[in-house]
Amino acid sequence: MVVCTKCGNPKVVISRKQSGQFLCSDCFIESINKKVQQTIRRENLIQKGDKVMVALSGGKDSVVTLDILNSYYKRHVIDLCAVTIDEGIKGYRNEGVSIAKAHAKNLGIEHKVVKFKDCFSIDLDEIMEYENHRGSCTYCGVFRRWIINRTAREFNATKIATGHNLDDESQAILMNYLEGNINNLSALGALTTSKSPKFTPKIKPLREIPEKEIGLYAIVKGLDVHLAACPYAHESFRMEVGNILKDLSKQHPTIMYSILKGYDKIKPLVRENYPPQFHQGDCVKCGEPSSNELCRACTFLEELGHEVQL
Ligand code: SF4
Ligand code: ZN
C-alpha cells in the first residue's frame, strides 16, 4: 500500500514523479508553503513592512498566491491589497471578478477592480474587431501591466505579487530564446525592479511550483477559483510553447525545473551583455515609465485611434 513518505498517512493526494515522493494533503500543503517561503527568503522578495498588491484574476494561481501571502499578512509581516483587471472579455471575465471580490472581502483587504474600458475607452473584445490587430494577448499583456503599475502606486504598494508558476516561467524563458529576444530574457526572474521611481518591484512567489500542484493546492484547501479558460488563449504563441513543454514533461518530469535553474545560472552573464531595457524616461503622453518616447500602451492606443483616459 502506498503511504505518505513524510508521515505514513495512507490518504495520499499526490505522487511526485520528479522525487518519487508520495504526500498526504497536510504534508503536501506544508511542502508547498515551505517551498514558497524558501523562494521568498532566498530571492529576498519580501521585507517586513512591505505592502504587497496581488494581481488577483480569480484564477488558481493568483488565488493561491493570495492565500500563501495571507499567512504573512496575518502575522503582521506585510500589508496586503489586491487589484483585479477587467479586460472586457464577454462570457469569461465576470466570474473571475466575482470570485476575486469574494476572496478580498473574506480576508478583509483593500481591493480594486479596474476596467480596460475606463482606462482606455476601449475593451479587449472591441479591439479584436479591428482588422489589423496585433493579437489579443499582446494588447492584454501590455494594457494589464500598465494598469497594474498605476494601481500599485495608488495603493502605495511597495511590491506587486503575480501568480506566475513554474510552467509560466519556463515557457517565458523558452519563448524568449526561440524569438531571439535576449533583452526580454534577461528581465525574467523572481524579482523585477527598475530604476524608475514610478515602477513598483514585481515578485513571483510561486515561480518554482508546477501549475498542476497549484491546482491541487486550491482543491485540497477548498479555495474557490475561476477555472474557465480565456476564449482568446488559443491565439497565443505562449500556449504553443506550453504544449511542447507539457509533452516533453511526460518523459522528462524535471524538464521545466531544469530550464528554470539553468536560466538562473546564466542570467547574470546574459544581463551583463543584454541588460533589460526597462526605463529611459517617462512616456510623453501618459507619464508612465517607458523605454521609448511613447510607452507601448500609448503606441497601441494611437494605432487604434484611442488614448489613455487620464
Ligand atoms: Fe489576456 Fe491572452 Fe490571457 Fe486571454 S489568454 S487573458 S487575452 S493574455
Ligand atoms: Zn503612455
Side-chain angles (χ1 to χ4, degrees), residues 55-63 65 83-97 99-100 113-130 133-153 162-165 167-169 171-172 175-176 184 194 196 198-199 202 204 211 214 225-243 246 277-310:
L56 182 66
S57 67
K60 62 181 183 332
D61 303 311
S62 62
V63 169
T65 303
V83 62
T84 303
I85 292 160
D86 183 346
E87 307 90 347
I89 305 173
K90 232 193 218 116
Y92 166 69
R93 181 47 73 208
N94 284 354
E95 195 189 337
V97 170
I99 290 172
V113 179
V114 185
K115 295 182 178 188
F116 273 19
K117 187 84 178 179
D118 292 339
C119 297
F120 312 122
S121 74
I122 187 165
D123 65 25
L124 197 59
D125 283 343
E126 288 166 343
I127 294 173
M128 295 319 288
E129 285 166 16
Y130 280 63
H133 65 71
R134 293 168 174 261
S136 52
C137 302
T138 305
Y139 295 104
C140 193
V142 166
F143 291 152
R144 197 167 348 120
R145 277 194 293 277
W146 189 96
I147 293 177
I148 285 176
N149 204 35
R150 184 160 280 218
T151 312
R153 289 204 309 273
T162 59
H164 290 86
N165 57 44
D167 300 47
D168 297 326
E169 198 70 347
Q171 278 161 23
M175 274 167 65
N176 283 312
N184 280 4
S194 156
S196 167
K198 289 186 175 176
F199 181 93
K202 294 201 175 100
K204 298 174 186 165
E211 185 181 6
I214 293 172
V225 299
H226 184 212
L227 289 171
C230 170
Y232 297 124
H234 63 277
E235 293 187 12
S236 71
F237 178 53
R238 175 180 277 275
M239 192 139 182
E240 289 179 55
V241 174
N243 288 338
K246 271 194 188 115
Q277 292 173 339
F278 285 134
H279 177 246
Q280 313 288 344
D282 293 342
C283 171
V284 292
K285 265 202 165 167
C286 71
E288 288 298 307
S290 171
S291 47
N292 295 305
E293 199 171 312
L294 267 194
C295 72
R296 288 190 85 201
C298 286
T299 308
F300 289 174
L301 286 168
E302 207 171 76
E303 286 170 9
L304 297 164
H306 284 255
E307 58 183 23
V308 164
Q309 306 296 297
L310 294 170

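Nothing fancy with the numbering, it's 1 onward along the sequence. Bear in mind the structure is a predicted one, so any value in this text is a computation, not a measurement. Just so you know, ligand 1 is whichever comes first in the structure, and atom 1 is the first atom listed for that ligand.
- The aromatic ring centres of His306 and Phe300 sit 6.0 Å or more apart.
- A donor-acceptor contact closer than 3.5 angstrom is absent between the side chains of Asp125 and Tyr92.
- At a cut-off of 2.8 Å, Cys230 is counted among the residues with an N, O or S atom near atom 4 (Fe) of ligand 1.
- The ligand atoms of ligand 1 that sit less than 4.0 angstrom from a heavy atom of Leu124 are 7 (S).
- Nearest non-hydrogen protein atom to atom 3 (Fe) of ligand 1 is Arg144 NH2, 4.0 Å.
- Arg238 places a side-chain N or O within 3.5 Å of a backbone atom of Asp168 that can act as its donor or acceptor partner.
- Contact check on Lys115 versus Glu87 returns no salt bridge, with no Lys/Arg side-chain nitrogen under 4.0 Å from an Asp/Glu carboxylate oxygen.
- Proximity annotation for atom 2 (Fe) of ligand 1: of Cys137, Ala233, Ser236, Cys137 comes nearest, heavy atoms only.
- Of all heavy-atom pairs spanning Lys198 and Asp282, the tightest one is NZ-OD2, 3.2 Å.
- For atom 1 (Fe) of ligand 1, the nearest protein heavy atom (residue, atom name, distance) is Cys140 SG, 2.3 Å.
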